[in-house]
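What follows is a short report on a single structure.
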Amino acid sequence: MDIAETSMDIVRSFVPEETLEDRLRQKAVHATGSPDFQHLLRFHNDPVAAGARAVLDERPIVTDITMAKAGITGRGHDCEVRKAIGEGAELAAETGMTRTAASVLELDKRGVYDGAIAVVGNAPTAALALSDCIADGTRPAVVVATPVGFVKATESRERVRTVAAEYGVPAVTHVGTRGGSGLAAALTNELIHVASDARDGEAEIDANE
């Protein structure tokens with residue numbers, strides 16, 4: 001705990017804590033070890049407040065893969081945490097689409113993503129599939145999308161930002177090639193921490209409205 005607190009004190013020397021978004025910027029810097037990462041995050045439609053409310057409402061947290069799910073804290077919330085991967089195997093086999101994209105489409109068909117905290121930490125095709133679902137009418141409570149890599153990752157996050165802006169869906173994304181499941185989990189965990197602070201009267205999640 002002393003090491004963690006010392007690390008966060010150093011992070012706070014790089015990133016102020018003036019807004020709810022600053023709290024996610026701090027977590028991004030902490031998770032990546034890069035002070036510059038604070039400038040890469042993008043926020044649409046007050047996602048921190050929306051995500052914290054969803055946590056307080058015990059909405060499900062749905063990740064794309066197992067690694068992102070494993071990073072979500074089990075403390076401070078009563079949300080079901082589940083992963084998409086492993087669903088939609090038949091659809092993937094029939095169409096040739098990736099397993100993660102098929103998993104998202106399968107869960108969306110069941111209505112899982114409506115009102116959920118949708119987390120994409122690894123797979124660009126999952127982010128693209130989720131974006132298509134949003135364009136077709138699905139409304140997650142918030143989207144945290146940080147797929148990593150050089151193939152479709154940047155484009156997938158751009159697509160998330162586009163549909164978030166067009167349809168009023170709260171979303172956190174970033175620019176560049178970095179990212180990944182650890183970052184997605186860290187940002188989601190901070191939504192949980194904001195919700196806990198709001199529950200305890202130590203944060204105002206309506207302050208940005």
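The structure presented is a predicted model; accordingly, all values stated were derived computationally and were not measured. In what follows, residues are counted from 1 in the order of the sequence shown.
Ion pairing between a basic and an acidic side chain is recognised when a charged N comes within 4.0 Å of a carboxylate O; Arg23 and Asp197 show such pairing. The pair Lys69-Asp64 does not count as a salt bridge, with every side-chain nitrogen at least 4.0 angstrom from each carboxylate oxygen.
Judged by distance alone, the side chains of Arg161 and Thr173 do bring a donor and an acceptor atom under 3.5 Å apart. Between Ser181 and Asn122, the side chains place no donor N or O within less than 3.5 Å of an acceptor N or O (distance only, hydrogens not considered).
For the pairing with Arg82, the side-chain contact (heavy atoms from CB on, under 4.5 Å) check across Leu107, Thr63, Ile61 returns one residue only, Leu107. With Leu130 as the fixed residue, the side-chain contact (heavy atoms from CB on, under 4.5 Å) test singles out one of Thr125, Val62, Val104, Thr100: Val104.
With rounding to the nearest 0.5 angstrom, the CG atom of Leu56 is 10.5 Å from the CD1 atom of Ile192. Taken to the nearest 0.5 Å, the OG1 atom of Thr154 stands 16.0 Å off from the CZ atom of Arg159.
In the hydrophobic clustering of ILVMFWY residues, with side-chain heavy atoms under 4.5 Å counting as a link, Tyr113 and Val163 come out together. Under the 4.5 Å side-chain heavy-atom criterion for Ile, Leu, Val, Met, Phe, Trp and Tyr, Val160 and Val148 are members of distinct hydrophobic clusters. Tracing side-chain contacts under 4.5 Å through hydrophobic residues (I, L, V, M, F, W, Y), one reaches Leu183 starting from Ile72; they form part of the same cluster. Hydrophobic clustering (ILVMFWY, side-chain heavy atoms < 4.5 Å, transitive): Val120 and Ile117 are in distinct clusters. Hydrophobic clustering (ILVMFWY, side-chain heavy atoms < 4.5 Å, transitive): Val172 and Val169 are in distinct clusters.
Between the side chain of Asn189 and the main chain of Thr73, a donor-acceptor pair closer than 3.5 Å is present. Of the possible donor and acceptor atoms, none in the side chain of Arg59 sits under 3.5 Å from a partner among the backbone N and O of Ala116. No donor-acceptor pair closer than 3.5 Å links the side chain of Arg157 to the backbone N or O of Pro124.
Across every non-hydrogen atom of Glu87 and Ser103, the tightest pair is O-OG, 2.7 Å. Nearest heavy-atom pair, Ala184 versus Val144, reported as atom, atom and distance to 0.1 Å: O-CG1, 4.1 Å. In this structure, Pro170 and Ala141 approach most closely via the heavy-atom pair CG-O, 3.3 Å.
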Trace of the salt bridge (charged side-chain N to carboxylate O under 4.0 Å, His left out) decision for Glu106 with Arg110
CA-CA 7 Å; Glu106 177 62 28; Arg110 302 178 199 169; 3.2 Å; yes
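Counting heavy atoms from C-beta outward, Lys27 and His193 have side chains that approach closer than 4.5 Å. By the 4.5 Å heavy-atom criterion applied to side chains, Arg178 and Leu40 are counted as neighbours. A heavy-atom distance below 4.5 Å is found between the side chains of Gln26 and Arg12.
With a 6.0 Å radius and a threshold of 12 heavy atoms from other residues, nucleotides or ligands, Met67 has its CE atom at or below the threshold. Atom CD of Glu202 is surrounded by more than 12 heavy atoms from other residues, nucleotides or ligands within 6.0 Å.
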